[in-house]
Every structure is written in structure tokens, then in C-alpha cells.
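Here's the structure we're looking at; comments come further down.
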Protein chains: 2
Amino acid sequence: MQEPAHANATVPPEQASRAERERQDFGRRLRALRSARGWTLAQLADRSGLAISTISKAERGIMALTYDRMLQLARGIGVDMAEFFASEGEAFAPGGFAVARLGEFRRQETGSYVYEMLFPEIRNKAMTPMIGTLRADCPMSFDDFVRHAGQEFLIVLDGVVTVHAEGRPTVKLRAGESIYFDSARGHLYSADAGQDARILVVCTES
Amino acid sequence: MQEPAHANATVPPEQASRAERERQDFGRRLRALRSARGWTLAQLADRSGLAISTISKAERGIMALTYDRMLQLARGIGVDMAEFFASEGEAFAPGGFAVARLGEFRRQETGSYVYEMLFPEIRNKAMTPMIGTLRADCPMSFDDFVRHAGQEFLIVLDGVVTVHAEGRPTVKLRAGESIYFDSARGHLYSADAGQDARILVVCTES
DNA sequence: AACACGGTTTTCCGATAGGAAAAGGGGTTT
DNA sequence: AAACCCCTTTTCCTATCGGAAAACCGTGTT
């Protein structure tokens with residue numbers, strides 16, 4: 001796969017070679033899955049209905065398969081698409097064990113939110129727990145909701161919090177009450193007037 | 001996408017239309033992900049570096065994207081390839097939104113632990129938040145650690161908790177302090193003598 | 001109604017996916 | 001070492017992907 005002269009090219013050459021590296025990555029995973037089963041190209045071709053040459057080229061990263069072919073391959077190998085790509089990630093944590101003591105938090109101020117991320121030193125963790133303080137005197141702009149991948153859990157530690165969620169009536173939560181939702185739904189928190197609020201938020205995936 | 005006359009065709013026509021149905025399925029998922037964020041085709045095109053027309057055709061299932069483009073799309077949307085296809089199964093939750101009010105918890109007593117699972121009605125959630133009470137007068141048997149898949153986050157709401165973790169020195173946590181670890185590591189909690197303790201535990205994957 | 005505007009779909013065509021078949025590249029057997 | 005055999009890579013060519021731009025479709029505005 002040579003760098004395309006490409007009349008319609010929008011992708012800069014440096015990003016193109018990055019794409020190539022990633023294709024090769026995919027190819028290595030594919031070859032690993034095949035040879036782990038002790039299959040030849042011909043056998044996988046037979047099971048998946050693809051041509052031998054196609055699989056060969058895909059494994060060597062010189063060709064990018066279309067969705068259709070990947071689906072056939074996944075079926076032929078006997079994995080579903082999700083776990084086909086599951087091995088992309090890395091293992092979790094340096095030691096996989098950490099304690100957060102009072103007063104050792106790293107403060108992160110994003111606009112009018114004040115968040116303290118609890119375990120910044122752990123890599124690839126499945127959850128991101130944060131403790132936040134919402135200022136009573138600092139109302140949010142109700143225009144732009146926050147939206148991101150993953151799911152979100154919020155519990156009120158102190159005060160009263162109003163949760164605004166897209167397509168849902170406003171929810172008022174007192175200390176000890178909690179809420180759980182898909183983070184792709186636009187959302188926004190604010191403290192009720194008169195008293196600051198402290199919340200614990202746990203998000204999955206960043 | 002008309003059924004190809006295809007000089008090289010190996011795929012029987014019935015399977016070809018099945019492939020088409022699956023492409024349309026992929027397209028619907030893609031459109032769902034985009035519109036859940038409130039983005040237009042142009043906005044996603046901008047974020048992913050793909051042409052508007054390409055995304056439009058992919059969403060309508062009349063074109064099968066190659067691996068490269070799907071990767072760009074996944075990045076643009078902010079999901080990794082694995083969870084890109086994770087939604088092949090079932091969508092999360094009945095509405096994906098739930099509130100847990102005080103006094104509405106379902107109590108689950110497992111041995112000497114008393115746990116209240118917060119959102120039992122949500123299916124397929126990525127996290128399982130629970131509130132637990134540890135009795136001061138009920139010491140645990142230090143022999144059998146608990147071990148399970150996933151990761152675990154614990155924060156102390158009240159009292160003082162001692163965490164025993166396999167291969168680690170004992171950790172004492174006061175209210176507001178927390179701990180994060182891989183649940184496969186054997187673990188066990190107990191309240192310090194003299195006072196009951198309340199904890200919030202969030203686990204991933206069961 | 002004509003116009004402008006923000007979004008989506010369609011058209012057109014060059015670059016590329018992907019199949020069939022031929023060409024490597026080890027091994028083992030005669 | 002030639003003749004097989006099995007597996008992988010390369011070649012060649014058509015069907016398809018995928019980008020730019022034009023056409024299309026609401027929904028307000030003058």
C-alpha cells in the first residue's frame with residue numbers, strides 16, 4: 001500500500017502512515033486469532049467465504065477490509081465483532097491497587113466545576129471516580145450540556161443538587177441520593193442556592 | 001447497492017442480502033451514536049475527517065466502510081472499536097436513566113454484610129453501585145477473601161474501615177477516603193470496633 | 001410566492017478493495 | 001535434484017469505496 005497520490009486526498013501523509021500502522025496492528029491480531037486455532041489461510045478462507053489472497057493481504061496490513069468482509073471473518077473465526085477488537089486495550093494499572101487519602105487529591109478546575117480526581121496515577125482503569133464541589137453562587141449556563149462516552153453514577157455527599165438531563169424533567173437530589181445514566185445523554189449539575197454541595201461522580205471509560 | 005453481477009462472485013445471492021441487512025444495522029447504530037450527541041453529518045465529518053457523503057451512505061447502509069474509515073469514525077465519535085460494536089447486543093437500561101431515593105433501596109443481606117444495591121432495575125449497566133453497612137460487633141473471618149471479575153472502588157461515608165487485601169498491608173480508611181483495585185485480588189472489609197461504618201462500593205462487570 | 005439557510009441525499013469519477021490464478025518458498029519423497 | 005505437496009505471497013483486473021460538488025428537502029423570512 002503506497003502513499004496514494006489521491007485526487008480527493010484530505011488526509012495528510014503523516015496521518016496516512018499512522019492509518020497503515022493501525023491496519024498492520026489489526027492484521028497481527030487477525031493472524032494471531034487464526035494461527036491460535038492452527039488454521040491455514042485456505043481453511044479460514046473456506047470458513048469465512050473470503051478469498052485466500054484477501055485474508056493474506058489483510059493480515060499483512062496492505063489492505064483495509066470493508067465492514068462486510070470483517071463480519072464474515074469474525075463469523076468464520078467464531079468471535080463477535082466486539083471481542084474482535086477487545087484486545088486493542090492494555091492491561092490495567094501499575095499494581096492495580098491504590099489508596100486516596102484526604103488532602104492528597106489533585107484539584108482540577110474546569111470552568112465553574114471543581115473536581116478532584118481520585119486515582120490519577122492508575123492507568124486504564126475501568127472507572128474514573130471524582131469528588132466535586134458545586135458552588136451555590138455559581139449557576140451554570142443551561143445551554144450547553146455535557147456529553148461523553150460511557151455511563152455515569154452520581155451520589156450527593158452534602159447539600160442539595162439539581163440534575164438537568166436532556167429529555168428528562170429536572171431531578172433534585174438530597175445527601176445520600178444518587179442517579180445513574182448514560183453519559184451520552186446531555187447532562188449538567190448545579191447546587192441549590194444557599195449552600196455548596198459535594199458530590200461523588202464515577203464515570204466509565206473516558 | 002444493487003445485487004452485484006460480480007465476475008468474481010462467490011457469495012450466494014441470499015447471503016448477499018443478509019450482508020446488506022447487517023450493513024443497515026451498522027448504519028442505524030452509527031446514526032444513533034451520532035444523533036445521541038446531537039451532531040450533524042457535517043460535524044461528525046469534521047471530527048472524523050471523513051466526507052459527509054461517506055457517512056451518509058454508511059448510515060443508510062448502502063456502503064460498507066473499510067477498516068480505516070471505521071477507525072476514524074470511532075475516534076471522531078469518541079468510542080473505541082470494541083465498544084463501537086458492543087451495542088450489537090442490547091441497549092443499556094430501560095430508558096438509561098434512574099434515580100435512587102432515600103429509603104427506597106432493596107436490602108440484600110449476604111452473611112454479615114448488609115448491602116443495598118442502588119439500581120437493580122437497570123440492566124446491562126457498566127457499574128454496580130452499592131451502599132453497605134459494616135457492623136462493628138461483627139468481625140469477619142479473615143480466611144476467605146472475596147474475589148471476582150472486574151474492578152472495585154470503595155469510599156467510606158461514615159466511620160473507620162479496615163481493608164484487607166491479598167498481598168498488601170492492611171489499610172485503614174476514614175470517612176471521605178477511598179481505595180481502588182482489581183477485584184480479582186482477594187479482599188475483605190471490616191468496621192473498626194466501637195462504631196458501625198457506612199461505605200459506598202462501585203464494581204464494574206459482574 | 002420567492003428567497004435564504006441548514007441539513008441530507010445523489011451524482012460523478014478516481015483510487016482502492018478483493019477474487020482468480022499464477023508465482024514463490026519451504027519441506028519431504030522418489 | 002527433480003517432482004510433489006502444502007502454504008503463502010504476488011499479479012492482474014473488475015467491482016466497489018469514498019471524496020467533491022451539485023441537487024434536494026424542509027423550515028423559517030421578507
Spacing of [X] atom [atom1] relative to [N] atom [atom2], expressed in whole Å:
X	N	atom1	atom2	value
A:Ile55	C:dA20	CD1	P	12 Å
B:Phe26	D:dC17	CZ	P	13 Å
B:Met63	D:dA20	CE	C1'	13 Å
B:Leu71	D:dG18	CG	P	13 Å
B:Leu30	D:dG18	CG	P	13 Å
B:Met70	C:dT16	CE	C1'	17 Å
A:Gln72	C:dA17	CD	P	17 Å
A:Tyr67	D:dT16	OH	P	18 Å

Revision key, fill the gap. Taken in chain and number order and not counting sequence neighbours, the residues that satisfy side-chain hydrogen bond (donor to acceptor under 3.5 Å, both in side chains) with B:Arg47 are none

Review point. Does the side-chain contact (heavy atoms from CB on, under 4.5 Å) test come out yes or no for A:Asp192 and A:Lys172, once each step is laid out?
Key: CA-CA 9 Å; A:Asp192 268 27; A:Lys172 252 189 217 298; 2.7 Å; yes

Review point. What residues form a side chain to side chain contact (heavy atoms under 4.5 Å, CB included) with A:Arg60, not counting sequence neighbours?
Key: A:Arg31, A:Ser56, A:Lys57, A:Ile62

Exercise for review: Return the set of residues passing side chain to side chain contact (heavy atoms under 4.5 Å, CB included) with A:Ala64 (not counting sequence neighbours), or none when no residue passes.
Suggested key: A:Arg23, B:Thr66, B:Tyr67, B:Asp68

Study note, to complete from the structure: Given protein heavy atoms under 4.0 Å, the one-letter contact record of nucleotides 23-28 of chain D, with B base, S sugar-phosphate only and - none, is simply ------

Point to revise | Shortest non-hydrogen contact from B:Ala191 toward B:Leu134 | key: CB-O, 3.6 Å

Practice item. Identify the heavy atoms of A:Met127 and B:Val202 that sit nearest to each other, and give their distance. Key: CE-O, 3.3 Å

**Study point:** Step-by-step side-chain contact (heavy atoms from CB on, under 4.5 Å) determination, A:Glu59 to A:Arg34
**Key:** CA-CA 10 Å; A:Glu59 286 187 349; A:Arg34 176 173 65 87; 2.7 Å; yes

Check your understanding: Checking all strands, does B:Ala64 fall into the base, sugar-phosphate, or nothing category for heavy-atom contacts under 4.0 angstrom?
Key -> sugar-phosphate

**Study point:** C:dG18 phosphate, OP1 or OP2, under 4.0 Å from A:Arg69 side-chain N/O
**Key:** yes

Practice item. Tell me whether the OP1 or OP2 atom of D:dT16 has a side-chain N or O from A:Thr66 closer than 4.0 Å. Key: no

Extract from the structure each pairing of a protein N or O with an N or O of nucleotides 5-12 of chain D at less than 3.5 Å, listing the distance.
residue : atom : partner : partner atom : Å
D:dT8   : OP1  : A:Arg34 : NH1          : 3.3
D:dT8   : OP2  : A:Leu41 : N            : 2.7
D:dT9   : OP2  : A:Arg31 : NH2          : 3.0
D:dT9   : OP2  : A:Ser56 : OG           : 3.3
D:dT10  : OP2  : A:Arg60 : NH1          : 2.3
D:dT11  : O4   : A:Lys57 : NZ           : 3.4

Check your understanding: With the threshold set at 4.0 Å, does a side-chain nitrogen-carboxylate oxygen contact exist between B:Arg29 and B:Asp25?
Key -> yes

Point to revise | Pairing residues for B:Phe153 by the ring-ring contact (aromatic ring centres under 6.0 Å, His included) criterion, not counting sequence neighbours | key: none

